[in-house]
Amino acid sequence: EVDLKIHGKEKVVLLGANGSGKSTLLKVLDGLFFPQKGRVQAFGHVLNEKSLNADGFNFAFRQNVGFVFQNSEAQLFSSNVWEEIAFGPLHMNLSEAQVRRRVSDILELFDLKGIQDRPPFKVSEGEKKKVALASVLAINPGVLMLDEPTGGLDPRTQRWLIDILIELGRAGKTLITATHDLEIVEEIADRALVFDEDHRLVADGSPPEILSDKELLLRVNLIDPRYHQHVHEGDHRHRHSHS
């Protein structure tokens with residue numbers, strides 16, 4: 001019973017406690033799962049097994065929509081980082097020179113040249129997240145979906161990731177991010193969708209509007225009763241709980 005529209009160039013966060021259905025919804029939007037009732041439409045087409053079995057639409061959809069899994073290892077499979085990032089461009093009918101140039105640019109942007117010859121599953125968690133995101137961005141999708149992207153990251157890598165998402169938003173990408181990390185919401189999104197633990201969409205609004213509704217956040221189990229929000233100079237919000 002989820003009814004929503006996401007428009008091009010929107011920056012949306014899906015908020016909800018663990019188990020609220022955020023990850024499942026992302027996978028439905030990416031055509032990895034299909035609803036038993038209702039329908040999903042993307043770019044004017046119904047998104048289902050039939051449409052994704054059509055070569056023309058499937059190619060266009062997969063080139064335009066990128067997905068970064070919560071567990072980066074779930075999407076890393078190549079023998080080294082360079083090949084991982086090159087996999088997508090190699091299937092885009094680009095010349096060898098174009099592929100090499102694109103991979104080189106991505107490696108530079110993500111500061112991954114030092115590990116380009118290493119197996120992607122034998123690097124640090126932060127580096128795995130970088131490689132996973134780099135391999136998706138190598139195809140230059142218009143829509144980027146991320147599932148709990150900051151989970152397990154150290155503060156420096158988390159800050160780097162947030163800055164990358166901000167720049168992607170400024171570049172006109174459509175960003176859909178599932179998270180329960182309230183600290184990052186206002187930086188990466190202009191719209192917040194809130195799900196309760198019964199998998200229902202219960203709120204749709206701007207990040208400041210949603211984050212200031214303590215009753216709502218308590219009800220959907222995103223905060224505890226001791227939660228406080230402090231607003232500092234420049235309308236910067238700092239949220240924490242007192243023990």
Side-chain angles (χ1 to χ4, degrees), residues 8-13 26 29-31 42-43 56 58-179 184 187-190:
K9 300 185 180 181
E10 274 198 297
K11 300 181 291 294
V12 179
V13 289
L26 279 185
L29 295 176
D30 192 46
F43 315 116
N58 184 60
F59 181 82
F61 182 81
R62 294 300 173 201
Q63 186 172 335
N64 200 35
V65 179
F67 190 109
V68 180
F69 286 76
Q70 180 176 359
N71 175 13
S72 300
E73 285 194 8
Q75 64 190 102
L76 301 177
F77 54 84
S78 297
S79 59
N80 61 55
V81 168
W82 194 97
E83 291 180 0
E84 191 73 52
I85 297 171
F87 181 83
L90 283 169
H91 289 78
M92 292 172 59
N93 299 320
L94 300 176
S95 69
E96 182 178 342
Q98 288 174 312
V99 170
R100 289 188 175 279
R101 190 179 312 118
R102 183 170 294 197
V103 174
S104 179
D105 289 344
I106 290 284
L107 288 169
E108 185 76 34
L109 176 65
F110 282 63
D111 193 24
L112 293 171
K113 285 195 172 183
I115 63 167
Q116 65 178 359
D117 296 321
R118 294 177 58 186
F121 44 87
K122 288 189 176 181
V123 298
S124 71
E125 290 303 312
E127 288 168 335
K128 287 175 186 175
K129 187 73 73 174
K130 282 188 174 185
V131 173
L133 180 57
S135 65
V136 170
L137 291 182
I139 64 172
N140 195 28
V143 180
L144 181 63
M145 294 191 261
L146 306 102
D147 191 3
E148 299 290 356
T150 57
L153 297 183
D154 61 75
R156 186 182 297 112
T157 306
Q158 179 170 311
R159 183 68 256 168
W160 171 89
L161 177 59
I162 291 169
D163 289 342
I164 285 284
L165 295 180
I166 291 171
E167 288 304 314
L168 290 171
R170 288 174 179 164
K173 301 292 186 185
T174 303
L175 302 178
I176 308 171
T177 308
T179 185
I184 71 172
E187 289 199 88
I188 67 170
D190 49 32

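Counting from 1, the numbers follow the sequence of the chain as shown.
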| Got a sec, which residues hit side-chain hydrogen bond (donor to acceptor under 3.5 Å, both in side chains) with E148, two or more places apart in sequence or on another chain? | H180
| request: Using side-chain hydrogen bond (donor to acceptor under 3.5 Å, both in side chains) as the criterion, list what pairs up with N58, not counting sequence neighbours. | output: none
| task | Can you run down the salt bridge (Lys or Arg N to Asp or Glu O under 4.0 Å) pairs that involve residues 67-91, sequence neighbours left out, and say none if there aren't any? | result | E73-K128
| field | Q70: side-chain hydrogen bond (donor to acceptor under 3.5 Å, both in side chains) partners, not counting sequence neighbours | value | none
| ring-ring contact (aromatic ring centres under 6.0 Å, His included) involving F121 - partner list, sequence neighbours excluded | none
| query | Which pairs, with at least one residue in residues 156-177 and sequence neighbours excluded, count as a ring pair (Phe, Tyr, Trp, His ring centres under 6.0 Å)? | reply | F110-W160
Scan the side chains in residues 87-96 for donor-acceptor partners under 3.5 Å anywhere in the protein, sequence neighbours excluded, and list what turns up.
from: H91; atom 1: ND1; to: F87; atom 2: O; distance (Å): 2.8
from: S95; atom 1: OG; to: Q98; atom 2: N; distance (Å): 3.1
from: S95; atom 1: OG; to: Q98; atom 2: OE1; distance (Å): 3.3
from: E96; atom 1: OE2; to: R100; atom 2: NE; distance (Å): 3.3

| said: Give me each pair satisfying side-chain hydrogen bond (donor to acceptor under 3.5 Å, both in side chains) with a member in residues 166-176, each pair once, sequence neighbours excluded. | reply: N140-K173, E167-R170
| said: Restricting to salt bridge (charged side-chain N to carboxylate O under 4.0 Å, His left out), what partner residues turn up for D147, sequence neighbours left out? | reply: none
| What residues, two or more places apart in sequence or in another chain, satisfy side-chain contact (heavy atoms from CB on, under 4.5 Å) together with Q158? | T150, L153, I162, D181, I184
| With sequence neighbours excluded, what pairs up with D190 under the side-chain hydrogen bond (donor to acceptor under 3.5 Å, both in side chains) test? | K11
| query | Can you list every pair that meets salt bridge (Lys or Arg N to Asp or Glu O under 4.0 Å) and has a residue in residues 112-122, with sequence neighbours left out? | reply | E108-K113
